[in-house]
Amino acid sequence: MPASSRNASPKPTLRRKTGSTGSSNALAHRCKPCQPDPDRRLYMSVIGFIGTGHIAAPMARFLSGKGHRINVSDRNANVAQSLVNSIGARVLDNQAVLDASDIVFLCLRPHVAQAVLRDLTFRADHRIVSVMAGVPLATLTTLCAPASDFTLTIPIGFLEQGGCPLPACPQPDLLASLFAPENPVIGVATETGLNAHFAICTMVPGMLDLMATAASWLGDQTGDQNGAAAYTTQLIAGFLVAVQGRDDKVLARERDALATDGTISLQMVEALRDDGVHDVLCDALQAISARLGD
């Protein structure tokens with residue numbers, strides 16, 4: 001590439017939203033905290049992460065593998081350095097991440113989000129993705145003004161390997177362009193619906209807790225705790241991978257295929273129902289969803 005091209009101030013690679021001014025003042029503000037990236041045109045988009053932890057890191061690695069330039073905040077030094085080493089991420093302070101990025105992922109813990117975001121300056125052309133449960137769109141609109149392009153979602157760490165469903169509110173287009181087809185993106189029209197998805201997401205640690213109890217019981221019976229954990233984990237993981245179909249009856253069909261009359265599988269299903277486990281689950285889901293809507 002000729003030296004003159006390398007040194008020229010490159011244009012942003014993303015299409016601007018309708019109605020965005022894209023003013024030279026905004027561009028100048030974006031570039032003030034750090035020098036313009038001379039290789040910017042080599043990347044599909046420049047994506048920043050405010051908050052760099054166990055949720056942000058797998059997304060950053062996945063997106064880097066897709067050809068995007070990654071900027072991360074310095075709030076978690078160990079995770080940030082691992083991303084420098086593995087994908088060549090740039091570690092910047094929070095404002096510099098905003099100034100150097102087109103798409104910004106907000107991955108802060110919800111209880112510190114307002115304190116961090118209110119001191120930052122956003123641009124009108126920023127596209128914002130929030131993964132912060134319990135931080136509503138109305139709050140983000142105030143904290144991140146003048147930005148107006150928001151997507152709320154719920155990622156899990158295995159997104160990096162693919163197969164992680166991503167509910168997207170209020171519209172799925174940006175997430176689909178970034179994470180599909182490896183990760184299915186599901187459009188969710190309302191924040192109430194998204195909060196219900198957040199509640200279902202908490203079943204993952206809940207199920208892991210139950211599996212840990214079951215594996216411990218098995219280990220007590222066999223004297224081999226490691227083998228018990230491996231068997232329990234692979235049993236559930238392997239079965240779920242093999243499940244065919246995505247309709248609303250698939251889980252009931254798979255349950256009924258196992259829990260037939262007179263079987264020990266049916267004994268387990270009935271014992272859990274008789275002891276009120278399903279009622280406890282539904283009550284917990286409702287309480288979590290309501291908490292997120294407060």
Side-chain angles (χ1 to χ4, degrees), residues 53-59 61-62 79 107 109-111 131-134 153-167 179 182-186 188 193-292:
H54 70 283
I55 292 178
M59 289 193 292
R61 289 190 293 265
F62 179 91
V79 174
C107 305
R109 293 180 180 178
H111 68 280
V131 304
M132 303 181 296
T153 191
I154 315 162
I156 302 293
F158 69 92
L159 169 150
E160 187 176 359
Q161 286 75 45
C164 177
L166 293 171
F179 295 107
E182 293 87 349
N183 298 281
V185 176
I186 303 163
V188 179
L194 184 74
N195 288 339
H197 283 78
F198 268 116
I200 290 296
C201 198
T202 66
M203 286 183 61
V204 174
M207 291 177 64
L208 291 173
D209 193 36
L210 290 173
M211 289 171 63
T213 297
S216 179
W217 176 88
L218 178 58
D220 290 343
Q221 309 306 306
T222 64
D224 181 4
Q225 290 289 344
N226 289 335
Y231 175 78
T232 303
T233 302
Q234 189 56 47
L235 176 70
I236 302 302
F239 182 83
L240 292 176
V241 167
V243 168
Q244 299 296 316
R246 292 294 183 268
D247 60 275
D248 65 340
K249 301 295 191 296
V250 61
L251 296 176
R253 282 200 308 271
E254 295 292 341
R255 177 201 64 205
D256 294 344
L258 293 173
T260 55
D261 288 345
T263 62
I264 56 176
S265 293
L266 181 60
Q267 181 179 349
M268 173 61 78
V269 170
E270 291 180 339
L272 294 175
R273 286 191 178 279
D274 291 346
D275 287 347
V277 172
H278 291 257
D279 293 334
V280 171
L281 172 61
C282 289
D283 288 345
L285 291 172
Q286 189 61 43
I288 291 168
S289 184
R291 173 185 172 185
L292 293 173

For the CZ atom on R109, are there more than 12 heavy atoms of other groups (residues, nucleotides or ligands in this structure) within a distance under 6.0 Å? no

Nearest-0.5 Å distance that lies between atom CE in M203 and atom CG in D209: 12.5 Å

Could you give the distance from CG (L281) to CG (L285), rounded to the nearest 0.5 Å? 4.5 Å

Using modelled atom types only, decide if a donor and an acceptor are shared between the side chain of T232 and the backbone of A229 within a distance under 3.5 Å. no

Over 12 non-hydrogen atoms of neighbours within 6.0 angstrom of CG in L240: yes

Donor-acceptor check, side chain of N183 to backbone of C164, threshold 3.5 angstrom: yes or no? yes

Test your reading of the model: is there a side-chain donor-acceptor pair from T263 to the backbone of A259, 3.5 Å cut-off? no

Check the pair L159 / E182 against side-chain contact (heavy atoms from CB on, under 4.5 Å), numbers first and verdict last. CA-CA 8 Å; L159 169 150; E182 293 87 349; over 6 Å; no

Take atom NE2 in H54; do more than 12 heavy atoms of anything else shown fall under 6.0 Å from it? no

CG of D256 to OG of S265: how many Å apart, nearest 0.5 Å? 11.0 Å

If you look at every heavy atom in P58 and G157, which pair is closest and at what distance? CB-O, 3.5 Å

Could you tell me whether D247 atom CG has more than 12 heavy atoms of other residues or ligands within 6.0 Å of it? yes

Going by an N to O cut-off under 4.0 Å, is there a salt bridge joining D279 and R273? no

Evaluate whether atom CD of Q267 has more than 12 neighbouring non-hydrogen atoms of other residues, nucleotides or ligands under 6.0 angstrom away. no

Could you tell me which non-hydrogen atom of A228 sits nearest to which non-hydrogen atom of G219, and how far apart they are? CB-N, 3.4 Å

F239 vs L258, side-chain contact (heavy atoms from CB on, under 4.5 Å): CA-CA, chis, key distance, verdict: CA-CA 12 Å; F239 182 83; L258 293 173; 3.9 Å; yes

How long is the gap from CG on L166 to NE2 on H197, to the nearest 0.5 Å? 11.0 Å

How close do F158 and P165 get, heavy atom to heavy atom, and via which atoms? CZ-CD, 4.3 Å

For F198 and I288, what are the C-alpha separation, side-chain angles and deciding distance, and is it a side-chain contact (heavy atoms from CB on, under 4.5 Å)? CA-CA 8 Å; F198 268 116; I288 291 168; 5.9 Å; no

Distance (rounded to the nearest 0.5 Å) between L266 CG and R255 CZ: 9.5 Å

What heavy-atom pair brings V79 and G53 nearest, and what distance separates the two atoms? CG1-O, 4.1 Å

Using only atom types and a distance under 3.5 Å, with no angle test, would you say the side chain of S216 pairs donor to acceptor with the backbone of A212? no

When rounded to the nearest 0.5 angstrom, what is the spacing between OG1 in T153 and CZ in F179? 8.0 Å

Of all heavy-atom pairs linking P167 and I154, the shortest is CG-CD1, 3.6 Å

Which atom of C107 lies closest to which atom of M59, heavy atoms considered: SG-CE, 3.8 Å

Stepwise side-chain contact (heavy atoms from CB on, under 4.5 Å) check, Q161 with F62: CA-CA 8 Å; Q161 286 75 45; F62 179 91; over 6 Å; no

